[in-house]
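Fair warning: this is a prediction, and the values are worked out from it, not measured in the lab. Residue numbers start at 1 and run along the sequence shown. The figures that follow rest on heavy atoms only: side chains count, while hydrogens, waters and symmetry mates do not.
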Amino acid sequence: MVVRDELMEGRWAIPRLGRVVEVNRAHPPYAVLDAAGAEVEPVTAFLRDLALGDSSPLTCRSYGYGMLRWFRLLWLLGIGWERATESEVAVLTGWLRSAANPQRQRRRANVPVAGTVNLRTGKGSLSAGYAPRTINHALTVISGFYEFHARQGHGPVVNPVPSSAQRRRALGHRSPLEPTPVVGRARLRQRVPDRPPRAIPDRLWDELFAAMNCDRDRALLEIFVSSGARAEELLGITAGDIDWSGQRIYVITKGTRAREAVPVSPQGLIRLALYLDAAGTPADGEPVWRVRRGPERPLTYWALRRVMQRANTLLGTNWSLHDLRHTAAYRMANGGKLTLPEVQTIMRHADIQTTNRYLAVHVEELFDKLTEHYATPRPVRYYPAGYAAADIEVVFGG
């Protein structure tokens, strides 16, 4: 009990045993290994079921890390996975709520403290612990693992992760056009704050664009903010995916993995042409975006993220690559030229309620109006002539 209490308060570390590795097979593409390097077969069977259900390889990877965290806790407590109860799930939830996230460790002195708000952008940096969405995702992974084995006749009789029957009934037959009903959360599930997407204001966008020091990075930013494409989608395009005359590019959409067209502004295509003229057009089937130094190779997401980090350090901001997609959606939704369904089509949102979030008003956009409001003088009262001052004071006050 002492170990459980210490874990729930974040004062006891879960040993980092085992690992997630990529394996040479499609079902599943990732496997979880124990401390001895052997595959954890119950997890492999679960991940195989995910892969056979046409889940993305990255989903299998994410679920693999979720299962590794769960099995690390069970190994520490000396409990077999088939004997786990809600008590162990509560221990994991408490540990995630109170323990420090190793991904939030600040290794450089100039990096802001975790959880602080950037005064230039208004965006808060990630907190030192695990986010509520991360905790809920961990519970979803564990629940899915036990649901799968229950169908196979294995594991405990009752799923150790609490569920909400009210939520299942409310969301079971909901139309996407209807608003999401407000229902109670299941036990141990965390409250997730609903924050509207944050776009980059025009003034700060101009500063960010000026901080890009090459044609490649300027072309990327211009295409990001005119197409609304995601980072991984845009980094994967080849020369054959660019329709110069149609002013569009073809990307592999996240989730559906379908090849879809997204529009690009003429200015974005001009900057892309300038970049290709200087760097050369890659071979057929090779990504357009390449690194500038070292051996010839495609530009990765992490390298592009580092470009954004250097610009943030220079400007004192904390923008992310996904903020560029938010900026594109916000400009389209509030520009007055496109309807909301048209913006939904361009952004490839599955639910129009997601697109509707970009119509929210931000405090930063009200700065000029608020300044005018604060500078407005107080109205002066005038009374018709002929009334005694004493009578006015009695009726209306001093």
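Applying the side-chain contact (heavy atoms from CB on, under 4.5 Å) rule to T140 yields the partners Y63, R189; only residues at least two apart in sequence or on another chain are considered. Remark: R151 engages D49, E147, F148 in a side-chain contact (heavy atoms from CB on, under 4.5 Å) (not counting sequence neighbours). Annotation: side-chain contact (heavy atoms from CB on, under 4.5 Å) contacts of N318 (sequence neighbours excluded): N118, T121, K123. A search for side-chain hydrogen bond (donor to acceptor under 3.5 Å, both in side chains) contacts involving R257 returns D54, not counting sequence neighbours. When the side-chain hydrogen bond (donor to acceptor under 3.5 Å, both in side chains) test is applied to R11, the partners found at least two apart in sequence or on another chain are E6. Taking R305 as the reference, nothing meets the side-chain hydrogen bond (donor to acceptor under 3.5 Å, both in side chains) condition, with sequence neighbours excluded. A search for side-chain contact (heavy atoms from CB on, under 4.5 Å) contacts involving L119 returns nothing, not counting sequence neighbours. Scored by the ring pair (Phe, Tyr, Trp, His ring centres under 6.0 Å) test, Y30 finds no partners at all (sequence neighbours excluded).
What you find for R83 and G78 is that their closest heavy atoms are NH2-O, 3.8 Å. What you find for L208 and A311 is that their closest heavy atoms are CD1-CB, 3.9 Å. For L304 against L321, the heavy-atom pair with the smallest separation is CG-CD2, 3.9 Å. For the pair S143 and N159, the tightest heavy-atom approach, listed with the atom from each and the gap, is O-ND2, 3.1 Å. When every heavy atom of S98 is checked against every heavy atom of G10, the shortest pair comes out as OG-N, 3.0 Å. Among all heavy-atom pairs drawn from V192 and P132, the shortest one is CG2-CB, 4.2 Å.
Shown here is R120, whose CZ atom has more than 12 heavy atoms of other residues, nucleotides or ligands within 6.0 Å.
Note that CG of L274 and CZ of R271 are 7.5 Å apart. Values are rounded to the nearest 0.5 Å. Atom CE of M67 and atom CZ of F145 lie 4.0 Å apart (nearest 0.5 Å).
The closest side-chain heavy-atom distance from I223 to L234 is below 4.5 Å. Proximity of R248 to D243: side-chain heavy atoms (C-beta onward) are separated by under 4.5 Å at one or more points. Taking 4.5 Å as the limit, some side-chain heavy atom of E222 sits within range of a side-chain heavy atom of S265. Considering only heavy atoms from C-beta on, W12 stays 4.5 Å or farther from W95 through its side chain. Between R191 and R185, some side-chain heavy-atom pair lies under the 4.5 Å cut-off. Within the 4.5 Å cutoff, no side-chain heavy atoms of T238 are placed close to those of D284. In this structure, D194 and R357 have side chains that are in contact, with non-hydrogen atoms separated by less than 4.5 Å. Looking at heavy atoms from C-beta onward, I249 lies in side-chain contact with V251 at the 4.5 angstrom threshold.
Using a 4.0 Å cut-off between charged nitrogen and carboxylate oxygen, D217 and R310 do not count as a salt-bridge pair. By the 4.0 Å N-to-carboxylate-O rule, R4 lies too far from E9 to be salt-bridged with it. Electrostatic pairing of R61 and E22 does not count as a salt bridge here, judged by no charged N lying under 4.0 Å from a carboxylate O.
S320 and D323 share a donor-acceptor pair across their side chains, judged by distance under 3.5 Å alone.
Judged as a salt bridge (Lys or Arg N to Asp or Glu O under 4.0 Å), not a single pair has a partner in residues 27-38 (not counting sequence neighbours). Pairs of residues two or more places apart, or lying in two chains, never qualify as ring-ring contact (aromatic ring centres under 6.0 Å, His included) while including a residue from residues 189-246.
Two different hydrophobic clusters hold L33 and L68 under the rule that ILVMFWY side chains link at heavy-atom gaps under 4.5 Å. Note on V2 and L74: separate hydrophobic clusters, where clusters join Ile, Leu, Val, Met, Phe, Trp and Tyr whose side-chain heavy atoms are under 4.5 Å apart, directly or indirectly. One hydrophobic cluster holds both L96 and W70 under the rule that ILVMFWY side chains link at heavy-atom gaps under 4.5 Å.
Using a 30° and 60° split on the angle between ring planes, H149 and H154 fall in the tilted class, from 30° to 60°.
A cation-pi geometry, defined here as NZ or CZ lying under 6.0 Å from the six-membered ring centre and within 45° of its normal, holds between R259 and Y250.
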**Report entry** Stepwise ring-ring contact (aromatic ring centres under 6.0 Å, His included) check, W289 with Y275
**Finding:** CA-CA 9 Å; W289 311 104; Y275 160 63; 5.4 Å; yes
For residues 338-348, which side-chain N or O atoms pair as donor and acceptor with protein atoms under 3.5 Å away, sequence neighbours left out?
from: T339; atom 1: OG1; to: E342; atom 2: N; distance (Å): 3.4
from: T339; atom 1: OG1; to: E342; atom 2: OE1; distance (Å): 3.3
from: E342; atom 1: OE1; to: T339; atom 2: N; distance (Å): 2.9
from: Q344; atom 1: NE2; to: H349; atom 2: O; distance (Å): 3.2
from: T345; atom 1: OG1; to: P341; atom 2: O; distance (Å): 3.0
from: R348; atom 1: NH1; to: E233; atom 2: OE1; distance (Å): 3.1
from: R348; atom 1: NH1; to: E233; atom 2: OE2; distance (Å): 3.1
from: R348; atom 1: NH1; to: T253; atom 2: OG1; distance (Å): 3.3
from: R348; atom 1: NH2; to: E233; atom 2: OE1; distance (Å): 3.1

Contacts table for residues 39-48: side-chain donor-acceptor under 3.5 angstrom, sequence neighbours left out:
from: E39; atom 1: OE1; to: R25; atom 2: NH2; distance (Å): 3.0
from: E39; atom 1: OE1; to: T44; atom 2: OG1; distance (Å): 2.8
from: E39; atom 1: OE2; to: R25; atom 2: NH1; distance (Å): 3.4
from: E39; atom 1: OE2; to: R25; atom 2: NH2; distance (Å): 3.1
from: T44; atom 1: OG1; to: V40; atom 2: O; distance (Å): 3.3
from: R48; atom 1: NE; to: H27; atom 2: O; distance (Å): 3.4

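Among T371, T376, L370, the single residue meeting the side-chain contact (heavy atoms from CB on, under 4.5 Å) criterion with Y374 is L370.
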